[in-house]
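Have a look at the structure below before the remarks.
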Amino acid sequence: MKNQEIMEIDLKYNWHPCTQMKDHEFLPIIPIKKAKGIYLEDFEGNRYIDAISSWWVNLFGHSNEYINSKIKEQLETLEHVIFAGFTHSQAIKLSERLCKLTGLDKVFYADNGSSAVEIAIKMSFHYWKNKGKIRPLFFSLENSYHGETIGALSVGDVGLYKDTYKEILIKNITIPIPKDKSEEETKKALKKARIVFEKHHKDVSALIIEPLVQCAGYMKMHSPKFVKGLRELCNEFDIHLIADEIAVGFGRSGSMFACEQAGIKPDFMLLSKGLTGGYMPLSVVLTTNEIYSAFYCDYTELKAFLHSHSYTANPLGCAAANATLDIFDNENVIEKNKEKSKYIWDNIQIFKKLPNVKEIRQTGMITAIEMIDYPWQKRMGLKVYEYGLKNGVLLRPLGNVIYFMPPYIIEKKEIDKMIKTAYEGIKALND
Ligand SMILES: *Cc1c(COP(=O)(O)O)cnc(C)c1O
């Protein structure tokens with residue numbers, strides 16, 4: 001079958017995520033037949049560099065031989081089992097590794113990022129309730145994104161996704177972010193944060209942040225010092241810190257976890273996306289013994305965390321995650337990425353010369369090129385997206401921001417092609 005035929009059947013039945021479906025009257029849906037390494041291949045044999053790691057999940061390429069083999073092995077042993085009253089060796093192994101890597105003590109599983117956010121905010125609120133305090137509010141950062149379910153959307157701040165639902169969201173209080181990574185802006189923002197903390201802290205359970213990079217928030221970046229300053233405010237005012245590392249975890253930020261660069265430990269850390277190398281839906285909420293112990297008592301005290309998902313700690317997902325961690329153990333991933341980040345940074349300096357580029361920025365394996373403030377109705381990002389596809393690169397701009405978040409296995413000549421395509425796509429907008 002040809003792409004066109006498949007698309008027609010697709011559109012008859014499927015409602016795609018984060019999409020105005022009417023766009024597909026002019027914008028083709030691309031049916032992918034197979035994928036290998038950093039390449040996606042459609043039904044007509046066209047290949048696309050997956051420069052956004054299939055929505056930020058893929059780390060070591062599609063159809064990675066090692067991860068494939070570990071999932072197949074697991075499939076022959078145990079595909080799934082209830083995780084209440086039962087356990088299995090993949091989850092035990094994974095939890096032990098994640099605790100060692102993060103310095104946290106306990107792992108609660110879910111199956112997607114938004115659910116992990118819901119769990120963390122419920123757990124934090126519930127912790128305070130178990131301690132006899134009712135703290136119904138949450139702090140979150142300006143321009144933040146934490147997912148699309150009601151609780152996660154509530155603590156987010158991207159109007160495009162949130163505004164429609166404002167009448168049905170839970171209450172949160174927004175803290176301003178620094179304009180950039182500079183010391184001066186960081187200090188200014190922390191001063192403003194302190195004022196908000198002073199005013200509301202008694203009613204607030206937790207502050208939730210995306211450390212270092214607000215990915216869905218147009219790839220805005222801040223310094224590790226900002227994260228450290230927020231940790232200190234949380235300590236001072238006795239509020240939990242939830243680090244949402246769903247997008248930046250597993251090396252994306254340049255270190256295994258972004259919190260490492262700030263030298264801090266959160267009360268909750270949320271991981272998903274890269275957790276399984278981009279293979280399976282799985283997420284975790286890591287927390288401390290201190291939090292855990294507030295729920296640990298006789299059943300009749302009714303303090304248990306009675307939250308669950310059907311696919312909690314799915315063994316296939318855990319096997320994919322363990323295989324992904326094996327690769328981190330066996331290959332010098334973080335160091336090798338540093339070289340690649342630098343290569344990308346050196347090679348995007350030319351974008352500064354384009355009259356329609358406002359800023360370039362990078363944190364680890366996340367590189368963003370912000371164009372001038374084109375009115376959103378013009379959908380200039382979409383034009384770059386279309387240009388990319390025509391030229392064999394999947395870029396998926398966020399408004400006027402074009403970014404690269406490729407699988408870590410990308411090679412120099414593929415980086416060259418990715419950059420060249422984005423450059424020409426942005427340049428073409430001036431013509
Ligand atoms: C993607 C994302 C989420 C939501 O994860 P889903 O699996 O898409 O529900 C939450 N937080 C951040 C920072 C994300 O990037």
Side-chain angles (χ1 to χ4, degrees), residues 16-19 52-59 108-124 138-158 160-162 165 169-170 172 174 177 206-222 226-227 230 241-253 257-259 262 266 268-286 307 309-314 317 320-321 324 363-366 368 396-399 401 403-405:
H16 290 264
C18 202
T19 300
I52 62 157
S53 296
S54 282
W55 252 348
W56 321 343
V57 298
N58 193 287
L59 301 185
F108 194 98
Y109 284 91
D111 45 26
N112 66 83
S114 302
S115 294
V117 174
E118 303 288 339
I119 288 164
I121 61 184
K122 279 178 72 180
M123 241 182 211
S124 173
F138 293 89
F139 285 148
S140 55
L141 298 182
E142 179 192 347
N143 188 54
S144 58
Y145 178 87
H146 297 289
E148 302 293 348
T149 53
I150 297 294
L153 200 57
S154 301
V155 292
D157 187 42
V158 179
L160 180 62
Y161 310 126
K162 181 173 182 176
Y165 306 100
L169 300 181
I170 63 167
N172 79 313
T174 305
I177 51 165
L207 162 66
I208 181 165
I209 64 168
E210 295 156 89
L212 302 186
V213 188
Q214 295 182 315
C215 296
Y218 309 96
M219 299 294 168
K220 283 205 179 139
M221 300 175 184
H222 52 254
F226 183 59
V227 176
L230 291 173
L241 179 68
I242 304 170
D244 176 352
E245 295 223 18
I246 290 167
V248 295
F250 299 101
R252 268 296 158 201
S253 72
F257 300 108
C259 284
F268 298 92
M269 188 188 280
L270 318 181
L271 302 171
S272 187
K273 293 203 164 104
L275 172 62
T276 61
Y279 266 71
M280 300 270 182
L282 186 74
S283 65
V284 295
V285 177
L286 284 137
H307 182 111
H309 295 286
S310 314
Y311 284 99
T312 296
N314 173 257
T324 301
T363 298
M365 285 297 275
I366 305 171
R396 199 175 194 278
L398 293 155
V401 176
Y403 66 89
F404 305 125
M405 231 158 129

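Note that the numbering runs from 1 along the sequence shown for the chain. Remember, it's 1-based here, ligands and their atoms both numbered in the order they're listed.
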Smallest separation among heavy atoms of C215 and L398, with atom names: O-CD1, 3.3 Å

Using a 4.0 Å cutoff against the non-hydrogen atoms of A247, which atoms of ligand 1 qualify? 15 (O)

Under a 4.5 Å cut-off applied to non-hydrogen side-chain atoms, are L282 and Y109 in contact? yes

So if I count the atoms of ligand 1 from 1 in the order they appear, which ones are less than 4.0 Å from some heavy atom of W56? 15 (O)

Kindly indicate, with the supporting measurements, whether the criterion side chain to side chain donor-acceptor pair (under 3.5 Å) is fulfilled by D111 and H309. CA-CA 8 Å; D111 45 26; H309 295 286; 4.7 Å; no

Nearest heavy atoms of S253 and L212, plus distance in Å: CB-CD1, 4.2 Å

Indicate, as side chain, backbone, both or neither, the part of W55 found under 4.0 angstrom from ligand 1 when only non-hydrogen atoms are considered. neither

So which heavy atom on I119 is nearest to which on A110, and how close? CD1-CB, 3.6 Å

Decide whether an N or O pair under 3.5 Å exists between G113 and ligand 1. yes

Taking atom 8 (O) of ligand 1 as the reference point, report whether a protein heavy atom occurs under 4.0 Å from it. no

Distance-only N or O hit between ligand 1 and S114, under 3.5 Å: yes

Protein residue, atom and distance nearest to atom 11 (N) of ligand 1, heavy-atom basis: D244 OD2, 2.7 Å

Should you measure from each heavy atom of G147, which atoms of ligand 1 turn up under 4.0 Å away? 4 (C), 10 (C)

From L271 CG over to F257 CZ, what is the distance, rounded to the nearest 0.5 angstrom? 5.0 Å

Show which atoms of ligand 1 fall inside a sub-4.0 Å distance from at least one heavy-atom site of I246. 2 (C), 3 (C), 10 (C), 11 (N), 12 (C), 14 (C)

Proximal atoms of ligand 1 relative to E210 (non-hydrogen, under 4.0 Å): 13 (C)

Nearest 0.5 angstrom please: F139 CZ to I208 CD1, how far? 14.0 Å

Please lay out, stage by stage, how S140 and N172 fare under the test side chain to side chain donor-acceptor pair (under 3.5 Å). CA-CA 7 Å; S140 55; N172 79 313; 2.7 Å; yes

Using a strict cut-off of 4.0 Å, indicate which atoms of ligand 1 neighbour a heavy atom of H146. 10 (C), 11 (N)

Would you mind checking which non-hydrogen protein atom is closest to atom 14 (C) of ligand 1, with the distance to 0.1 Å? K273 NZ, 2.9 Å

